[in-house]
Undergrad: 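Okay, here's the structure, questions in a sec.
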Amino acid sequence: MCGIIGIVGQSEVNQSIYDGLTVLQHRGQDAAGIVTCDNSGQFFLRKDNGLVKDVFHTRHMLRLQGNMGIGHVRYPTAGCSTSAEAQPFYVNSPFGIALAHNGNLTNTKELKRELFESDRRHLNTNSDSEVLLNILANELQKTEQVKPQAEDIFKAVQALHLRCKGAYAVVAMIAGVGIIAFRDPYGIRPVVIGKRITEQGSEHIIASESVAIDLLDFELVRDIAPGECVFIDLHGHLHAQQCAEAPVMSPCIFEYVYFARPDSIIDGISVHKSRMRMGEKLARKIEREFPNHDIDVVIPIPDTSRSAAVQLSDELGVVYREGFIKNRYIGRTFIMPGQTQRKKSVRQKLNAIGFEFKDKNVLLVDDSIVRGTTSQQIVQMARDAGAKKVYFASAAPPVRYPNVYGIDMPSVDEFVAHNRTTEQVAEEIGADWLIYQELEDLIEAVNKNHKVQRFDTSCFNAEYITGDVDSTYLDYIDSLRNDASKQQADENVAVIEIHNNA
């Protein structure tokens with residue numbers, strides 16, 4: 001999962017892009033990058049591993065000159081994390097293009113072969129984002145214009161859609177021309193457009209989530225439609241065209257469950273309200289399955305479960321309390337490469353407030369359960385704090401299948417719910433009982449006003465909406481994502497760094 005942003009302004013945009021990336025930091029904590037372009041068409045790039053606040057210092061910001069630019073925050077969906085794969089990526093031909101991408105291509109191996117054998121283009125990393133950039137560059141190469149016009153850009157994106165499969169929300173910048181943004185024909189990953197009018201003229205922003213638009217005092221215009229491409233020229237004019245043959249709105253439902261900030265609006269749907277309705281649905285299920293429950297207190301596992309937990313407690317008529325304090329200087333646990341490091345970090349990440357648990361029957365609420373490692377330790381923390389009984393509720397259904405569209409969900413054998421019943425998962429995490437959200441209830445909670453045709457729910461039901469994911473591909477993804485592979489990749493990087501520093 002990554003965050004992207006792009007701005008075409010009437011004045012320097014470096015600070016605005018930086019500020020926008022800080023509110024998209026939840027989408028990627030592995031690396032960050034910004035590239036800007038000045039009036040002469042020169043690019044200025046800064047990217048590295050680390051958080052936004054650590055990658056960009058005053059000396060870097062002073063060099064990021066120009067009235068347009070794009071930015072990216074990243075975490076890797078496979079393999080190790082190296083600064084070589086930090087984005088945005090750049091190619092000098094044709095025109096000079098920089099690109100940032102959120103998502104994951106499912107036909108990367110085939111595209112790499114085509115780029116080498118047919119397009120004669122060189123790739124420098126293993127990133128599918130670099131593949132996307134070179135596909136776009138190759139298609140733009142076919143224009144006869146000195147500078148591409150809107151129709152040339154739309155034609156190139158049409159060709160890209162025919163070649164690239166999977167999930168991609170993209171923002172790209174063409175030197176001396178403008179910024180383009182497009183979304184795959186299923187709209188799996190989010191991207192929105194904002195606008196504001198200044199004394200100098202119109203300014204536009206492209207971002208993964210509307211929170212960046214709010215922060216920077218732009219007005220949310222709309223989401224980019226599945227398959228659509230928008231082009232913002234240097235004069236602040238926005239051009240848009242549908243570039244896919246048969247687009248079908250199918251956003252990833254896990255955005256609403258976990259990834260997006262609650263104050264975001266994605267495809268016209270409030271994330272916060274969606275999560276509140278998830279809590280309502282969970283409460284109804286608890287009343288059906290445990291009508292004589294003895295829950296004394298509802299406690300969320302911070303932060304993304306709060307909206308659901310508050311509503312659940314209200315529906316059940318059970319007191320809500322904050323029972324865990326989060327150390328905000330520890331990264332997400334399930335994106336860490338090794339199980340040993342992951343286990344260690346959970347205790348560093350959360351601390352229990354003892355009197356909220358002592359001698360009580362506690363219902364812990366989380367957004368989802370993936371590996372179960374975190375859940376298991378949190379249940380034990382509740383018991384250590386004095387809870388009599390510990391119940392557990394997941395706002396999402398059991399995660400049993402890999403996500404291949406840009407979320408780093410692990411090897412299938414590492415899912416705690418894989419080949420286990422709900423009762424077996426409860427035993428595995430140490431809960432007295434466990435309740436999962438029903439998939440139908442989750443969909444209804446998010447899509448209350450029927451604004452979306454369908455959702456990607458593949459991590460719950462193995463229905464991959466792009467239609468090109470088979471067992472061979474899943475085996476390939478598994479080989480990249482299991483803990484053993486990631487550990488080996490990290491060790492290889494460590495060896496390289498030792499040699500480089502010797």
Side-chain angles (χ1 to χ4, degrees), residues 1-2 74-81 85 101-114 125-132 163-169 184-189 248 250-255 257-259 334-339 342 368-373 394 396-421 424-425 428 436 439 442-443 454-490:
M1 186 63 60
C2 301
R74 170 187 185 264
Y75 86 72
T77 55
C80 62
S81 58
E85 295 193 0
H101 160 229
N102 174 31
N104 186 61
L105 298 181
T106 54
N107 63 334
T108 303
K109 291 175 70 176
E110 174 188 341
L111 290 173
K112 284 182 176 179
R113 185 173 61 253
E114 289 179 4
T125 71
N126 292 318
S127 173
D128 60 342
S129 303
E130 191 187 14
V131 172
L132 261 173
R163 297 181 67 178
C164 297
K165 309 299 180 185
Y168 46 94
D184 69 74
Y186 297 94
I188 299 171
R189 303 264 73 90
V248 180
S250 311
C252 174
I253 204 164
F254 221 79
E255 290 279 355
V257 170
Y258 177 72
F259 272 104
F334 88 88
I335 65 174
M336 290 184 177
Q339 193 80 351
R342 188 179 304 113
S368 58
I369 304 172
V370 183
R371 287 181 171 95
T373 308
S394 168
V399 176
R400 292 194 167 105
Y401 308 99
N403 182 289
V404 301
Y405 300 124
I407 298 177
D408 186 26
M409 287 187 171
S411 165
V412 64
D413 292 330
E414 294 168 16
F415 294 125
V416 69
H418 180 64
N419 287 335
R420 285 191 177 100
T421 66
Q424 288 171 331
V425 175
E428 184 71 17
Y436 279 110
L439 181 56
L442 174 61
I443 293 171
R454 65 175 182 176
F455 291 92
D456 167 53
T457 57
S458 54
C459 59
F460 306 125
N461 60 8
E463 295 179 6
Y464 295 96
I465 58 174
T466 55
D468 61 336
V469 176
D470 56 18
S471 58
T472 301
Y473 181 76
L474 291 176
D475 288 342
Y476 167 69
I477 288 294
D478 182 272
S479 70
L480 296 176
R481 293 187 178 182
N482 64 65
D483 274 337
S485 296
K486 289 187 176 182
Q487 189 70 36
Q488 183 61 52
D490 284 344

Undergrad: Indicate yes or no for a side-chain donor-acceptor contact from Gln424 to the backbone of Thr421 under 3.5 Å, with no hydrogens or angles considered.
TA: yes
Undergrad: According to side chain to side chain contact (heavy atoms under 4.5 Å, CB included), who are the partners of Asp470, at least two apart in sequence or on a separate chain?
TA: Thr472, Tyr473
Undergrad: Of all heavy-atom pairs between Arg371 and Val416, which one has the smallest distance, and what is that distance?
TA: O-CB, 3.0 Å
Undergrad: Going by heavy atoms in the side chains, are Met1 and Asp408 under 4.5 Å from each other?
TA: no
Undergrad: For Ser394, check side chain to side chain donor-acceptor pair (under 3.5 Å) against everything at least two apart and list the hits.
TA: none
Undergrad: Restricting to side chain to side chain contact (heavy atoms under 4.5 Å, CB included), what partner residues turn up for Arg400, sequence neighbours left out?
TA: Pro398, Ala417
Undergrad: Would you name the heavy atoms of Asn104 and Gly406 that are closest together and state the gap between them?
TA: CB-N, 3.4 Å
Undergrad: Does the pair Cys252 and Ile407 meet the rule for a side chain to side chain contact (heavy atoms under 4.5 Å, CB included), with working shown?
TA: CA-CA 10 Å; Cys252 174; Ile407 298 177; 3.8 Å; yes
Undergrad: Within the structure provided, determine whether Arg454 and Ser250 are in side-chain contact (heavy-atom separation under 4.5 Å).
TA: yes
Undergrad: Mind telling me whether Phe460 and Phe254 have parallel, tilted or perpendicular rings, with 30° and 60° as the class edges?
TA: tilted
Undergrad: Using the side chain to side chain contact (heavy atoms under 4.5 Å, CB included) criterion, which residues pair with Glu463? Sequence neighbours excluded.
TA: Asn461
Undergrad: Minimum heavy-atom separation for Tyr405 to Ile465, with atom names?
TA: OH-N, 3.4 Å
Undergrad: Check whether any side-chain heavy atom of Tyr401 sits under 4.5 Å from a side-chain heavy atom of Leu474, and report yes or no.
TA: no
Undergrad: How close do Asp128 and Gly103 get, counting heavy atoms only, and between which atoms?
TA: OD2-O, 4.1 Å
Undergrad: Can you name the residues that form a side chain to side chain donor-acceptor pair (under 3.5 Å) with Asp456, not counting sequence neighbours?
TA: Ser458
Undergrad: Working to the nearest 0.5 angstrom, can you tell me the gap between Ile253 CD1 and Ile443 CD1?
TA: 5.0 Å
Undergrad: Under a 3.5 Å distance rule, please check whether Tyr464 uses its side chain to pair with a backbone N or O of Val404 as donor and acceptor.
TA: no
Undergrad: Side-chain contact test, heavy atoms from C-beta onward, threshold under 4.5 Å: evaluate it for Thr457 versus Leu442 and give yes or no.
TA: no
Undergrad: Could you grab the distance from atom CD1 of Ile188 to atom OG1 of Thr466, nearest 0.5 Å is fine?
TA: 6.0 Å
Undergrad: Drop me the distance from Leu105's CG to Arg163's CZ, to the nearest 0.5 angstrom.
TA: 11.5 Å
Undergrad: Can you sort out the partners of Tyr168 under ring-ring contact (aromatic ring centres under 6.0 Å, His included), two or more places apart, ordered by chain and number?
TA: His161
Undergrad: Going from OH on Tyr75 to SG on Cys2, what distance comes out if it is rounded to the nearest 0.5 angstrom?
TA: 8.0 Å
Undergrad: On a heavy-atom basis, which atom in Leu111 and which in Cys164 lie closest, and how many Å separate them?
TA: CD1-SG, 4.0 Å
Undergrad: Is there side-chain contact between Met409 and Ile477, with heavy atoms separated by less than 4.5 Å?
TA: no
Undergrad: According to side chain to side chain contact (heavy atoms under 4.5 Å, CB included), who are the partners of Lys165, at least two apart in sequence or on a separate chain?
TA: Thr106, Asn107, Asp468
Undergrad: Who pairs with Arg420 by side chain to side chain donor-acceptor pair (under 3.5 Å), at least two apart in sequence or on another chain?
TA: none
Undergrad: For Glu255, enumerate each residue passing the side chain to side chain donor-acceptor pair (under 3.5 Å) test, keeping only those at least two apart in sequence or located in another chain.
TA: Arg27, Arg189
